[in-house]
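For reference, the structure discussed in these notes is given below.
Counting begins at 1 with the first residue of the sequence. Below, each value reflects all heavy atoms present in this structure, side chains not excepted, and no hydrogens, waters or symmetry copies.
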Amino acid sequence: MEKANAIKTFAVSACAVLLVIACVFGLAACGEPASLYKVDFAGTSGDQYKYQIDGTTWKESNEEGFEKVYTLTGEVAYNMEVAQALGYVDAEGNGRTHFALIHFTSDDLARVSYDETKGTGFYAKITNFYGTDKAEEVIKHGGFGAYAEDADVDTSHEYFLFQGVDDTVRTLTLEISFDGTAENAKTYKFVIDPKNYTLEEAPAVTEAE
């Protein structure tokens with residue numbers, strides 16, 4: 001009888017230990033959830049895309065109300081060709097000639113084409129703040145998606161945003177939803193302050209002999 005009770009007690013204790021272990025692993029698995037969107041700044045690659053710019057460096061941080069906050073650091077490359085292609089400079093070459101590429105991807109969610117009649121589908125709600133002044137809000141439903149020249153390349157899970165950079169202090173907030181629904185909308189902040197970065201100088205022009 002005592003032996004049976006001992007076995008029963010051991011079994012109950014073993015079950016309790018296993019339950020505790022399961023709970024520990026369960027809590028670990030339920031840590032910070034994977035983000036619906038991934039953000040990188042590596043620039044375009046290969047010959048797939050229409051515009052080629054060098055990647056930029058951003059410092060990641062957290063702030064209440066935003067999925068993530070990114071602060072531009074390091075050196076931003078000079079690129080007159082992209083400035084002209086995007087219409088950032090005038091005929092004399094005056095304007096923004098440095099750029100940061102913000103690249104969103106989602107493994108689980110494809111971009112849904114915007115339906116203007118229904119007002120549904122992809123959107124990127126962008127607001128610029130210059131110092132404490134708020135610029136007009138812009139909502140993009142397309143634009144720089146992915147300029148794939150190869151029809152076999154699936155670009156439906158990514159979105160590109162080109163941001164001109166100069167010596168102006170600005171904060172960019174962006175709410176994005178690949179399918180246009182509120183449940184899949186995430187808001188990010190991008191801090192662009194020249195005290196944190198430098199602009200690459202334009203290459204010296206040598207006069208023809």
Side-chain angles (χ1 to χ4, degrees), residues 27-46 48-74 76-77 82 86 98-116 118-129 134-165 170-193 196-197:
L27 290 173
C30 295
E32 185 175 347
S35 179
L36 181 60
Y37 304 106
K38 297 176 184 176
V39 184
D40 70 78
F41 312 93
T44 55
S45 60
Q48 290 183 14
Y49 307 111
K50 186 175 181 179
Y51 302 110
Q52 300 290 320
I53 69 171
D54 292 337
T56 47
T57 303
W58 299 72
K59 181 180 178 182
E60 181 182 304
S61 60
N62 296 307
E63 183 178 327
E64 187 176 353
F66 298 97
E67 189 77 1
K68 285 292 180 182
V69 176
Y70 297 96
T71 301
L72 181 62
T73 64
V76 182
V82 170
L86 295 175
H98 300 76
F99 302 90
L101 181 73
I102 303 171
H103 181 206
F104 289 88
T105 56
S106 177
D107 294 333
D108 304 317
L109 201 61
R111 282 188 295 113
V112 175
S113 297
Y114 182 67
D115 187 326
E116 188 172 355
K118 297 179 180 178
T120 59
F122 171 83
Y123 72 84
K125 186 186 299 182
I126 302 168
T127 307
N128 277 293
F129 295 84
K134 178 180 177 180
E136 182 179 355
E137 182 180 87
V138 176
I139 301 179
K140 295 180 179 289
H141 297 292
F144 301 107
Y147 287 89
E149 297 175 359
D150 186 346
D152 294 329
V153 176
D154 179 14
T155 60
S156 64
H157 289 264
E158 57 185 338
Y159 176 74
F160 294 98
L161 177 68
F162 288 85
Q163 174 63 52
V165 178
R170 62 163 58 82
T171 299
L172 169 76
T173 64
L174 186 149
E175 178 186 322
I176 190 167
S177 176
F178 270 25
D179 64 356
T181 65
E183 64 179 317
N184 289 323
K186 302 294 180 182
T187 305
Y188 298 82
K189 178 191 282 189
F190 301 91
V191 179
I192 300 174
D193 188 333
N196 300 315
Y197 62 83

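- A donor-acceptor pair is defined here as one N or O able to donate and one able to accept, closer than 3.5 Å; such a pair exists between the side chain of T73 and the backbone of T57.
- A side chain to side chain contact (heavy atoms under 4.5 Å, CB included) with N128 is found for one member of I192, L174, L172 and no other, namely L172.
- Contact between V165 and R170 at its shortest, heavy atoms only, is CA-NH1, 4.4 Å.
- In this structure, the side chains of F160 and L101 come closer than 4.5 Å at one or more pairs of heavy atoms.
- Residues K59 and V191 fail the side-chain proximity criterion, which asks for heavy atoms closer than 4.5 Å.
- Taking the side chain as every heavy atom from C-beta outward, T105 and H157 never approach each other to under 4.5 Å.
- Atom OH of Y188 sits about 9.5 Å away from atom NZ of K68, to the nearest 0.5 Å.
- For Y123 and H141, the gap between ring centers reaches or exceeds 6.0 Å.
- Annotation: side chain of Y197 is not in contact with side chain of H98 (no heavy-atom distance under 4.5 Å).
- Contact check for T173 versus F66: side-chain heavy atoms found under the 4.5 Å cut-off.
- With rounding to the nearest 0.5 angstrom, the CD atom of E60 is 10.5 Å from the OG1 atom of T71.
- Between Y114 and F122, the distance separating the two ring centers is not shorter than 6.0 angstrom.
- A search for salt bridge (Lys or Arg N to Asp or Glu O under 4.0 Å) contacts involving E67 returns nothing, not counting sequence neighbours.
- Residues I176 and L161 have side chains not in contact (no heavy-atom distance under 4.5 Å, counting atoms from C-beta outward).
- Rounded to the nearest 0.5 Å, atoms NZ (K38) and NE2 (H103) are 11.0 Å apart.
- Taking the side chain as every heavy atom from C-beta outward, I53 and F162 approach each other to under 4.5 Å.
- With S106 contributing its side chain and L36 its backbone, the two residues share a donor-acceptor pair below 3.5 Å.
- Side-chain contact check for D54 and T56: no donor-acceptor pair (N or O, by modelled atom type) lies under 3.5 Å.
- You'll find the side chain of V39 reaches within 4.5 Å of the side chain of I102, heavy atoms only.
- The two residues F99 and G164 have their closest heavy-atom pair at CD2-CA, 3.8 Å.
- Shown here are the side-chain hydrogen bond (donor to acceptor under 3.5 Å, both in side chains) partners of Y37, two or more places apart in sequence or in another chain: there are none.
- Under the side-chain hydrogen bond (donor to acceptor under 3.5 Å, both in side chains) criterion, K189 pairs with E63, not counting sequence neighbours.
- To the nearest 0.5 angstrom, E175 atom CD is 11.0 Å from I126 atom CD1.
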